[in-house]
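For this chain, numbers begin at 1 and follow the sequence in order. This one's a predicted model, so the numbers in the text were calculated from it and none came from an experiment. Note that ligands are numbered from 1 as they come in the structure, with each ligand's atoms numbered from 1 the same way.
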Amino acid sequence: MIDILTNDYRQPLLPPQYPFVELDMGCGRGKFTLELAKRFPDRLVLASDVMLGRLRKLNMKVEKRKLQNVILLRAESGQLAEFQLPPASIDRIHILCPDPWPKDKGKGRRVICTAFLCSLKRVLKPGGILHLSTDNAPYFEDWQKMLSQLPFLSPVPDAISDISDIKTDFELQWLAEGTPVRHLAYRIKTLCSQREE
Ligand SMILES: C[S@@+](CC[C@H](N)C(=O)[O-])C[C@H]1O[C@@H](n2cnc3c(N)ncnc32)[C@H](O)[C@@H]1O
């Protein structure tokens, strides 16, 4: 099913029977979503994007594969993080190959910025994981700088070792062209571990 959240203050209804929730933010054509849902049938997999056409095509694939654990959200990533997702509701967020807007005049349209990363803190459960990837070296370096300045995050490369073989549609395209795609994984520190520092 596709839940349309754009221009809405409503929160999506998340089925309570799943103890672990993954979110593929900006899922695009959804290869990663489908693989994740197949690999972890006991986890809820949310996949969000603003492009309704892509979500409709992905929804057909979800139905064809009879994947019961997927919910598609038509939602803008910033709004999802700021107020549409329930607080502390997500175990692992994947933002994979987001548009890098490489030209100077487009940089303001980038999804990943410090304010956005801070809003993800609201939706991740304590100890939850943020997984990012990009083919764009300057964007990647910006992320490293931003992330190192956020005291509530710590790097945990092993937190994505269980899915390192799953490639997104865009990652496959970049790899086919010989362009490496780099990944980062960070953990939201629990309140206790923040106090210990
Ligand atoms: C470059 S594609 C990557 C898709 C997929 N993650 C992959 O790696 O194949 C970026 C996707 O993010 C979506 N997107 C861009 N900005 C967004 C935003 N602010 N909110 C939600 N989706 C967004 C686009 O519609 C597009 O499907």
Side-chain angles (χ1 to χ4, degrees), residues 2-12 21-40 45-62 65 67 70-85 89-90 92-103 105-120 122-124 129-140 142-143 146 160 163-186:
I2 306 177
D3 195 349
I4 310 281
L5 292 173
T6 36
N7 303 321
D8 206 335
Y9 283 92
R10 184 177 52 83
Q11 292 189 343
V21 181
E22 308 253 13
L23 169 61
D24 183 8
M25 233 178 183
C27 60
R29 291 193 288 274
K31 186 172 170 44
F32 183 81
T33 304
L34 295 169
E35 292 291 328
L36 199 61
K38 187 174 156 203
R39 181 162 302 182
F40 302 113
V45 177
L46 303 175
S48 64
D49 206 289
V50 276
M51 293 189 71
L52 192 52
R54 286 190 178 169
L55 290 173
R56 286 200 175 119
K57 284 186 190 153
L58 176 55
N59 196 35
M60 285 194 274
K61 292 179 192 165
V62 169
R65 288 166 174 74
L67 293 166
V70 178
I71 295 179
L72 306 182
L73 305 172
R74 187 190 185 207
E76 195 282 317
S77 300
Q79 296 184 355
L80 209 49
E82 275 170 41
F83 57 86
Q84 287 172 324
L85 283 170
S89 56
I90 310 291
R92 193 159 59 168
I93 298 179
H94 311 271
I95 308 177
L96 306 179
C97 299
D99 300 305
W101 297 103
K103 293 186 183 153
K105 65 178 180 187
K107 280 187 180 158
R109 303 180 70 171
R110 287 175 165 177
V111 169
I112 311 290
C113 61
T114 302
F116 175 73
L117 292 171
C118 289
S119 66
L120 292 180
R122 187 188 73 81
V123 297
L124 278 165
I129 300 297
L130 171 63
H131 171 200
L132 301 173
S133 74
T134 185
D135 64 289
N136 186 283
Y139 202 14
F140 184 85
D142 282 353
W143 292 353
M146 279 186 249
I160 49 172
I163 48 163
S164 57
D165 59 315
I166 306 181
K167 308 293 178 209
T168 71
D169 298 277
F170 267 76
E171 180 163 8
L172 287 173
Q173 280 179 30
W174 289 120
L175 295 178
E177 289 176 21
T179 306
V181 173
R182 288 185 284 177
H183 291 252
L184 283 173
Y186 277 71

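- A donor-acceptor pair under 3.5 Å links the side-chain atoms of Arg74 to the main chain of Val50, judged by distance alone.
- Counting heavy atoms from C-beta outward, Leu46 and Leu85 have side chains that approach closer than 4.5 Å.
- With sequence neighbours left out, the side-chain hydrogen bond (donor to acceptor under 3.5 Å, both in side chains) criterion links Glu35 to no other residue.
- A donor-acceptor pair under 3.5 Å is absent between the side-chain atoms of Arg54 and the main chain of Arg29, judged by distance alone.
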Which N or O atoms of ligand 1 sit under 3.5 Å from a protein N or O, and how far apart is each pair?
| unit_1 | atom_1 | unit_2 | atom_2 | d |
| --- | --- | --- | --- | --- |
| ligand 1 | 6 (N) | Gly26 | O | 2.8 |
| ligand 1 | 6 (N) | Leu96 | O | 2.8 |
| ligand 1 | 8 (O) | Leu96 | O | 3.2 |
| ligand 1 | 8 (O) | Thr168 | OG1 | 2.7 |
| ligand 1 | 9 (O) | Asp169 | N | 3.4 |
| ligand 1 | 9 (O) | Phe170 | N | 2.9 |
| ligand 1 | 19 (N) | Glu76 | OE2 | 2.8 |
| ligand 1 | 20 (N) | Ser77 | N | 2.8 |
| ligand 1 | 20 (N) | Ser77 | OG | 3.1 |
| ligand 1 | 22 (N) | Val50 | N | 3.4 |
| ligand 1 | 25 (O) | Asp49 | OD1 | 2.6 |
| ligand 1 | 27 (O) | Asp49 | OD1 | 3.3 |
| ligand 1 | 27 (O) | Asp49 | OD2 | 2.6 |
| ligand 1 | 27 (O) | Arg54 | NH1 | 2.7 |

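- In this structure, Trp174 has its ring center no closer than 6.0 Å to that of Phe170.
- Electrostatic pairing of Lys107 and Asp142 does not count as a salt bridge here, judged by no charged N lying under 4.0 Å from a carboxylate O.
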